[in-house]
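In each ligand, atom 1 is the first atom listed, and ligand 1 is the first ligand listed. From a predicted model like this one, the values you see are computed outputs, not experimental measurements.
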Amino acid sequence: MKVLVSVKRVVDHNVTVRVKADGSGVETANVKMSINPFDEIAVEAAVRLKEAGIASEVIAVSCGPSQSQETLRTALAIGADRGVLVECETELQPLAVAKLLKAIVEKEQPQLIIAGKQAIDDDCGQTGQILAALCDMPQATFASKIEYQNDLLTVTREVDGGSETLELVPPAIVTTDLRLNEPRYVTLPSIVKAKKKPIDVIAANSLDVDIATNLEVLKVSEPPARKPGVKVSDVNALIQKLKSEVNVI
Ligand code: AMP
């Protein structure tokens, strides 16, 4: 079974994000960029399927600028077999990414596509679902467990009331939640080995896909600073404070 994993290059989760002085977006120049954490989990899940003899090949795909090759190298160091960069210098919205991924899915014909449940930069949580609709494939989002037996994928997914289990007939799309796995520590030898793995670069405009956005960012600003809290002496004082200030009781 061929597995395709989508990986996005995002601002590293340890970086304090700063808004650009002109309010047009967030600062990404000279900022540490990394693989989206949910995508790292997705690559780990795919590599474990390969190690279990279920997946035959793991392909990592990223859509973005040429620097996204670094993100693909991380996926290759975790254990993906090869990478595909859909190169595009303009900012992409989830619909555009899903259209580009669909073009790669048509080319590669994977039986399983694993994406993150959300990218931590835009927090959209849309791409996997849109891709499932565009490809007319079954989907299981927020997966905390993936199993494959008798040509069926069994996915446990996190829902508000706990968890539910879905069975999917491949080809199918799964998006990862935090509890799915803990990605392995990438060792130096695997980083060196990853340098020799192939990455195909495909220009986004060669895929005959409309990636224009109809979203316009008017202004990006910092959230207002939080007011300092106060300490109350006991529960009665707390209730009095809530009554007088918050008007909730
Ligand atoms: P989003 O809908 O933007 O929150 O992203 C959800 C998931 O879609 C991510 O975790 C990635 O797996 C995938 N994705 C989003 N943008 C890209 C991109 N530019 N390149 C590759 N995969 C992406």
Using a 4.0 Å cutoff against the non-hydrogen atoms of [X], which atoms of ligand 1 qualify?
X      : answer
Val7   : 20 (N), 21 (C), 22 (N)
Asn36  : 9 (C), 10 (O)
Asp122 : 1 (P), 3 (O), 4 (O)
Val61  : 21 (C)
Ala115 : 12 (O)
Cys124 : 1 (P), 2 (O), 3 (O), 4 (O)

Inset, instruction - Calculate, to the nearest 0.5 Å, the distance between atoms CD1 and CD1 belonging to Ile113 and Ile173 respectively. - result: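 Going from CD1 on Ile113 over to CD1 on Ile173, the span is 4.0 Å.
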Legend entry - Spatial distance of atom CZ (Arg9) from atom SG (Cys63) [nearest 0.5 Å]: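 Between Arg9 CZ and Cys63 SG, I get 14.0 Å after rounding to 0.5 Å.
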When you measure from [atom] to every protein heavy atom, which one gives the shortest distance, and what is it?
atom                    : result
atom 7 (C) of ligand 1  : Gly116 O, 3.3 Å
atom 22 (N) of ligand 1 : Ser6 CB, 3.4 Å
atom 9 (C) of ligand 1  : Asp39 OD1, 3.4 Å
atom 14 (N) of ligand 1 : Val97 CG1, 4.1 Å
atom 20 (N) of ligand 1 : Cys63 N, 3.0 Å
atom 16 (N) of ligand 1 : Lys8 CD, 3.3 Å

Inset, instruction - Apply the side chain to side chain contact (heavy atoms under 4.5 Å, CB included) test between Val86 and each candidate in Val201, Ile104, Val209; give the one that qualifies. - result: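 Answer to the side chain to side chain contact (heavy atoms under 4.5 Å, CB included) test with Val86 among Val201, Ile104, Val209: Ile104.
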Legend entry - Arg82/Glu108 salt bridge by N-O under 4.0 Å criterion: yes
Inset, instruction - Give a yes or no on whether a salt bridge exists between Lys8 and Asp122, defined as a side-chain N under 4.0 angstrom from a carboxylate O. - result: yes
Inset, instruction - Mark the output for Gly125 as yes if a heavy-atom distance to ligand 1 is under 4.0 Å, and as no if none is. - result: yes
Legend entry - Heavy-atom gap Leu100 to ligand 1 smaller than 4.0 Å: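 Judged by the 4.0 Å heavy-atom criterion, Leu100 does not count as contacting ligand 1.
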Legend entry - Closest candidate by heavy atom, reference atom 5 (O) of ligand 1, pool Thr127, Ile113, Thr175: Thr127
Inset, instruction - State, with a plain yes or no, whether a side-chain heavy atom of Arg48 is found less than 4.5 Å away from one of Asn181. - result: yes
Inset, instruction - Would you mind listing every salt bridge (Lys or Arg N to Asp or Glu O under 4.0 Å) that reaches into residues 89-103, with sequence neighbours excluded? - result: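 Sorted pair list: Lys102-Glu106.
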Legend entry - Distance-only side-chain donor-acceptor flag, Thr74 / Thr71, under 3.5 Å: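 There is no such pair between these side chains.
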Inset, instruction - Could you verify whether a donor N or O on one side chain and an acceptor N or O on the other, from Gln118 and Asp123, lie under 3.5 Å apart? - result: yes
Inset, instruction - Examine distances only and state if a side-chain atom of Asp39 and a backbone atom of Gly116 form a donor-acceptor pair shorter than 3.5 Å. - result: yes
